[in-house]
Amino acid sequence: MTANLPPQYDPKATEAKWQKYWEDNQTFKADPEKGGEPYCVVIPPPNVTGSLHMGHAFEETLIDVLVRYQRMTGRNTLWLPGTDHASIAVQTILEKQLKVEGKTRYDLGREKFLDKAWEWKAESGNTITNQLRSLGVSVDWSRERFTMDEGLSAAVLEAFVRLYDEGLIYRGNYLVNWCPASQSAVSDLEVDQQEVDGHLWHFRYPLTDGSGYLEVATTRPETMLGDTGVAVNPEDDRYKHLIGKTVTLPIANREIPIIADEFVDPTFGTGCVKVTPAHDPNDFEMGKRHNLAFINIMNKDGSLNENAGEFQGQDRFVARKNVVKRLENDGVLVKIEDYKHTVPFSDRGKVPVEPLLSTQWFVKINPLSQRALTALDEENSPVFVPERWTKVYRDWLVKLKDWCISRQLWWGHQIPAWYAVSETQGEITDTTPFVVAKTEAEAREKAVAKFGPDVDLARDPDVLDTWFSSGLWPFSTLGWPDETKDLDFYYPTTTLVTGFDIIFFWVARMTMMAGHFTGKMPFDTVYIHGLVLDENGQKMSKSKGNGIDPLLLIGKYGTDALRYTLVKEVVGAGQNIRLEYDRKTDESKSVEASRNFTNKLWNAARFVMMNLEGQTPQQLGNPYPPQPPLAKGRREEGLELCDRWILSRYYQVVQQSRKDFETYAFGEAAKGLYEFIWGDFCDWYIELVKSRLQQDAEPNSKKAAQQTFAFVLEGILKLLHPFMPHITEEIWHTLTQKGEDECLALQAYPEVEASLIDSELEQQFELLFGTIRTIRNLRADTDIKPGLKVTAILQSESEKEREILSGGAIYIKDLARVENLTITASLDAELGQTIAGVVGTVQVLIPLAGVVDLVALRAKLDKKLAKIEGEIKHTAARLTNQKFVEKADPQVVQVARDGLAEAQKQAEILRDRLKLF
């Protein structure tokens with residue numbers, strides 16, 4: 001029985017079938033025992049709260065394309081999946097749910113709140129991983145990790161305790177970025193600098209001795225309530241005589257000193273700077289240098305505290321207005337200027353952060369960053385692709401400050417520190433002594449040794465920054481700190497694929513942590529991809545509402561079509577891509593084009609299999625003997641010119657695809673395959689061999705055509721598989737008639753057979769195809785009926801060109817519907833009426849006598865031209881009517897303009913055709 005495909009390709013059924021097959025059969029389960037050359041990628045863990053967005057689809061597709069290719073080249077491959085616990089996002093979801101019930105987390109208590117969090121994770125936390133499955137990712141699901149699973153939690157404890165014991169983690173009172181919305185500290189990397197239109201308020205601080213005043217300016221007037229000094233540059237002659245004197249702070253009536261500090265820019269503003277050490281990073285440093293008081297005026301919810309006097313309890317932005325009003329009433333407000341400036345926003349809470357003096361846990365960054373810098377400078381590790389990101393990464397390592405790792409949340413890895421609260425009246429204060437340990441039992445043992453058996457312990461309520469556990473991801477997921485087979489074989493991982501926006505959030509943290517704990521960089525190469533932009537070239541974001549749902553496009557066009565589009569659009573490593581999308585219809589022309597490509601492949605495969613007489617590629621055998629190699633130019637029995645041409649083109653593509661993969665040129669590889677499959681194989685080779693597949697065809701020629709057909713089609717499926725895994729797996733199984741114990745995903749990637757690459761032959765076929773296209777165009781221009789065979793004359797003074805045309809005459813006659821073909825060096829003067837075209841230096845002529853009624857054809861074209869010219873005149877008149885242009889719907893006007901342009905183009909074509917005779 002002849003195996004073949006259904007008439008129509010059904011992506012939904014096919015994709016679901018193979019996704020289930022791969023997972024049920026653990027096709028992608030890694031095994032370090034098998035040895036070989038390892039290739040390991042850890043997934044950038046999406047938030048457990050997430051849903052698949054276009055950024056995920058793009059990134060995971062790029063990774064999957066790379067991993068599938070490496071697997072097919074024979075490397076022992078592991079792609080490890082997992083998710084991040086997303087402290088702030090999960091806690092926000094749960095607190096919103098509690099708010100609806102009129103409760104807070106404190107009403108539940110920590111234990112019950114965490115129970116609720118784990119319940120949420122069990123019910124809703126698998127959304128993103130199930131959606132990833134719909135992309136057909138070839139991950140090892142048996143190794144799926146979660147940043148709060150038992151193993152990774154143990155790794156976090158180990159890392160924290162080691163760093164603390166080594167003096168690299170400390171607890172200190174420091175100015176942090178405070179997010180009033182989430183009421184938690186956020187790291188420098190979680191701050192988004194946004195340019196805003198604000199104001200610059202100028203006001204006067206009177207000198208205490210009554211001799212005058214100093215004018216200062218600020219963008220945050222409410223913070224003046226916490227001022228403890230005014231700074232000037234020591235070299236500023238305007239103020240030298242005032243250094244050491246004092247001013248009286250308005251509203252608070254507090255006497256504060258005038259200090260000299262080189263930080264002050266004498267050319268900015270008045271050259272006087274108010275100093276608020278508890279609420280500004282630069283002022284904090286000045287305050288330490290000059291032993292100024294640190295007065296905190298802010299509560300953790302963003303309202304003002306008791307140090308703000310009459311403004312206590314007011315929200316910071318309400319207080320801002322009221323402070324300005326009071327300053328104006330007191331006569332010290334000088335002016336208010338419009339001022340565009342940069343404001344730090346919390347990336348999580350989406351509100352301006354407040355620099356706040358707070359006791360937090362920190363990691364000493366310098367020893368860790370120096371290790372990463374040494375690896376980069378001395379070993380060029382890791383390698384960045386594109387290379388330009390190396391400098392960005394290095395500059396960031398140099399600038400890093402100590403990392404605040406504590407967060408005032410409950411969902412996450414609780415800090416393993418226990419306070420001896422019995423030493424501070426039962427409360428945790430800034431001075432309460434503590435011990436750090438992996439378990440409470442170990443902590444008690446340490447505390448008893450220090451404080452005696454009656455010590456009362458309370459664990460630190462805060463959790464670690466999510467990026468702390470994510471920084472351990474490449475090695476903790478492989479079993480660290482235990483010495484596992486996975487860690488020994490697959491670490492360091494091979495490639496990290498990620499976006500440029502988290503080089504600082506994640507990449508640098510992984511290299512620092514890995515360098516410290518493993519002595520190695522966590523990956524050999526970092527491939528930095530760009531963004532998926534919307535149809536207008538804009539970055540997609542929730543705030544803009546311009547996201548494009550990948551699941552919607554998958555439902556409409558299929559996973560393979562979306563995957564292929566996303567990769568094919570990449571022009572150069574790391575470049576952004578723009579996705580065509582119509583928001584009115586939820587359609588994408590670019591994804592539709594890829595869907596059409598799947599249909600083209602499907603139909604071509606059906607045609608091939610219909611003509612193999614039930615035989616598989618293995619049964620038919622190779623179209624050339626693998627041993628010894630076919631000598632270049634040698635013609636195997638039955639192997640014809642076009643067979644040799646398609647084999648040469650095939651191996652050119654194999655060679656280029658391998659090169660593209662090794663240089664991360666995924667988009668170039670995808671486009672090269674598209675052109676080969678659609679153009680060379682479907683449009684040309686299939687047409688070239690059709691006549692050799694007939695029942696009465698010469699047996700050797702027919703077999704060679706079948707062998708070549710089957711061989712190249714199977715090779716195409718292997719080449720295309722990393723990009724379009726589902727359709728290629730389905731076609732391959734049908735073509736090869738393999739059972740369920742084998743699959744295309746585990747087949748070998750095609751090797752290059754250099755002896756079959758014949759560039760000269762390929763150039764010869766370019767001339768043949770150009771000739772065929774020219775004859776077809778001439779036929780169309782003169783309305784020659786498709787079924788009518790014509791006479792054609794090919795004239796070239798080049799003997800070599802004439803030889804090429806003669807060698808391919810059978811193809812020209814067959815594909816261009818030519819009865820009589822003459823190939824000559826010169827033309828007969830008595831040719832009569834002809835239509836002519838040129839391809840290269842070959843002149844192509846078709847005699848028209850007896851084929852076309854030229855008088856009737858000219859009359860037909862004249863009539864058509866007159867009609868179109870009438871349409872042009874009518875439309876042009878509408879568009880010159882100012883009332884129509886101004887009052888009509890803009891879309892109607894645009895349709896008219898587009899119609900005019902198209903009509904003018906058609907008219908030009910008709911005039912060109914009329915010139916031919």
Side-chain angles (χ1 to χ4, degrees), residues 1-11 14 18 560 564 595-624 636 638-654 657 673-721 723-738 742-744 747 750 753 756 765 811 814-815:
M1 179 181 174
T2 300
N4 211 333
L5 301 165
Q8 299 291 326
Y9 173 52
D10 181 354
T14 301
W18 290 110
D560 284 343
Y564 191 73
R595 194 271 315 276
N596 294 343
F597 181 43
T598 64
N599 290 338
K600 184 84 170 180
L601 175 67
W602 185 266
N603 292 332
R606 286 192 79 243
F607 178 82
V608 171
M609 284 184 259
M610 285 169 58
N611 287 281
L612 297 184
E613 299 175 326
Q615 299 174 91
T616 67
Q618 290 70 30
Q619 291 167 338
L620 285 163
N622 282 351
Y624 60 91
E636 183 65 19
L639 203 61
E640 298 193 2
L641 203 62
C642 67
D643 302 330
R644 290 169 49 211
W645 166 77
I646 195 65
L647 288 170
S648 178
R649 288 293 307 122
Y650 167 69
Y651 282 116
Q652 287 274 24
V653 171
V654 171
S657 293
L673 286 172
Y674 180 93
E675 290 164 4
F676 171 70
I677 294 167
W678 192 298
D680 295 339
F681 187 71
C682 294
D683 286 356
W684 287 114
Y685 185 68
I686 287 178
E687 296 302 316
L688 289 168
V689 299
K690 276 183 177 178
S691 61
R692 294 164 58 198
L693 298 170
Q694 305 301 318
Q695 290 288 338
D696 57 351
E698 195 278 319
N700 286 337
S701 176
K702 183 176 184 179
K703 183 177 181 182
Q706 290 175 324
Q707 288 176 322
T708 308
F709 242 167
F711 176 81
V712 175
L713 176 59
E714 185 175 10
I716 282 171
L717 298 175
K718 292 176 181 178
L719 291 171
L720 193 59
H721 180 74
F723 303 97
M724 291 183 158
H726 307 89
I727 188 173
T728 52
E729 189 80 73
E730 179 72 15
I731 295 173
W732 183 83
H733 270 267
T734 308
L735 174 67
T736 61
Q737 299 175 38
K738 297 286 187 183
E742 291 189 58
C743 66
L744 175 59
Q747 298 303 302
E753 183 64 62
L756 291 180
F765 266 81
Y811 304 131
D814 193 14
L815 271 61

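These numbers come from the heavy atoms of this one structure, side chains and all, not from hydrogens, waters or symmetry mates. By convention here, the first residue in the shown sequence is residue 1. What you see is a predicted model, and the numbers here were worked out from it, not measured in a lab.
- Checking side-chain atoms of Gln707 against main-chain N and O of Leu620 turns up a donor-acceptor pair under 3.5 Å.
- For the atom pair CG (Asp643) and CZ (Phe709), the distance works out to 10.0 Å, reported to the nearest 0.5 Å.
- In this structure, Pro11 and Ile727 have side chains that are not in contact, with every pair of non-hydrogen atoms separated by 4.5 Å or more.
- Here the side chain of Gln694 pairs no donor or acceptor atom with the backbone of Ala697 at under 3.5 angstrom.
- The backbone N or O of Tyr685 lies less than 3.5 Å from no partner atom in the side chain of Trp645, so there is not a single donor-acceptor pair.
- Remark: side-chain polar atoms of Asn4 are not paired, donor with acceptor, to backbone N or O of Met609 under 3.5 angstrom.
- A pairwise comparison of heavy atoms in Arg606 and Leu5 identifies NE-O, 3.0 Å as the closest pair.
- Leu719 approaches Leu673 most closely through the heavy-atom pair O-CD1, 3.4 Å.
- Within the 4.5 Å cutoff, side-chain heavy atoms of Phe676 are placed close to those of Val712.
- We find the CG-CH2 distance between Asp10 and Trp602 to be 8.5 Å, quoted to the nearest 0.5 Å.
- A distance of 5.5 Å separates CG in Leu717 from CD1 in Ile731, rounded to the nearest 0.5 Å.
- Minimum heavy-atom separation, Pro750 to Gly715: CG-O, 4.0 Å.
- To the nearest 0.5 Å, atoms CG (Asp680) and CD (Gln652) are separated by 10.5 Å.
- The main-chain N or O of Arg595 is found under 3.5 Å from a side-chain atom of Thr598 such that the two form a donor-acceptor pair.
- Using a 4.5 Å heavy-atom cutoff, the side chains of Glu714 and Gln618 are in contact.
- A side-chain donor from one of Glu729 and His733 sits under 3.5 Å from a side-chain acceptor of the other.
- A side-chain donor-acceptor contact under 3.5 Å links Thr728 to the backbone of Pro725.
- No side-chain heavy atom of Ile716 sits under 4.5 Å from any side-chain heavy atom of Trp732.
- Counting heavy atoms from C-beta outward, Phe765 and Arg649 have side chains that stay 4.5 Å or more apart.
- Side chain of Gln615 to main chain of Leu612: a donor-acceptor pair is present (N/O by atom type, distance under 3.5 Å, no hydrogens or angles).
- Taking the ring centre of Tyr674 as origin, the terminal cationic atom of Lys600 falls outside the region bounded by 6.0 Å and 45° from the ring axis.
- Between Asn603 and Tyr9 the shortest side-chain heavy-atom distance does not fall below 4.5 Å.
- A donor-acceptor pair under 3.5 Å links the side-chain atoms of Tyr811 to the main chain of Cys642, judged by distance alone.
- Put simply, NZ on Lys703 and CG on Leu693 are 14.5 Å apart, with the number rounded to the nearest 0.5 Å.
- Arg692 has no carboxylate O lying under 4.0 Å from a charged side-chain N of Asp814, or vice versa, which leaves the two without a salt bridge.
- Ser648 is not listed as a side-chain neighbour of Leu756, based on a closest heavy-atom distance of 4.5 Å or more.
- Considering only heavy atoms from C-beta on, Phe597 comes within 4.5 Å of Leu720 through its side chain.
- Taking each heavy atom of Ala710 and Val608 in turn, the nearest pair found is N-CG1, 4.5 Å.
- Note: Tyr650 and Phe711 have perpendicular aromatic rings, judged against thresholds of 30 and 60 degrees for the angle between ring planes.
- Using a 4.0 Å cut-off between charged side-chain N and carboxylate O, Lys702 and Glu613 make a salt bridge.
- When atom types are taken as modelled, the side chain of Glu687 and the backbone of Trp684 share no donor-acceptor pair closer than 3.5 angstrom.
- Summarising the geometry, atom CG belonging to Asn622 is positioned 9.5 Å from atom CG belonging to Leu647; distances are rounded to the nearest 0.5 Å.
- Counting only distance, with no hydrogens or angles, the side chain of Thr708 and the backbone of Ala704 share a donor-acceptor pair below 3.5 Å.
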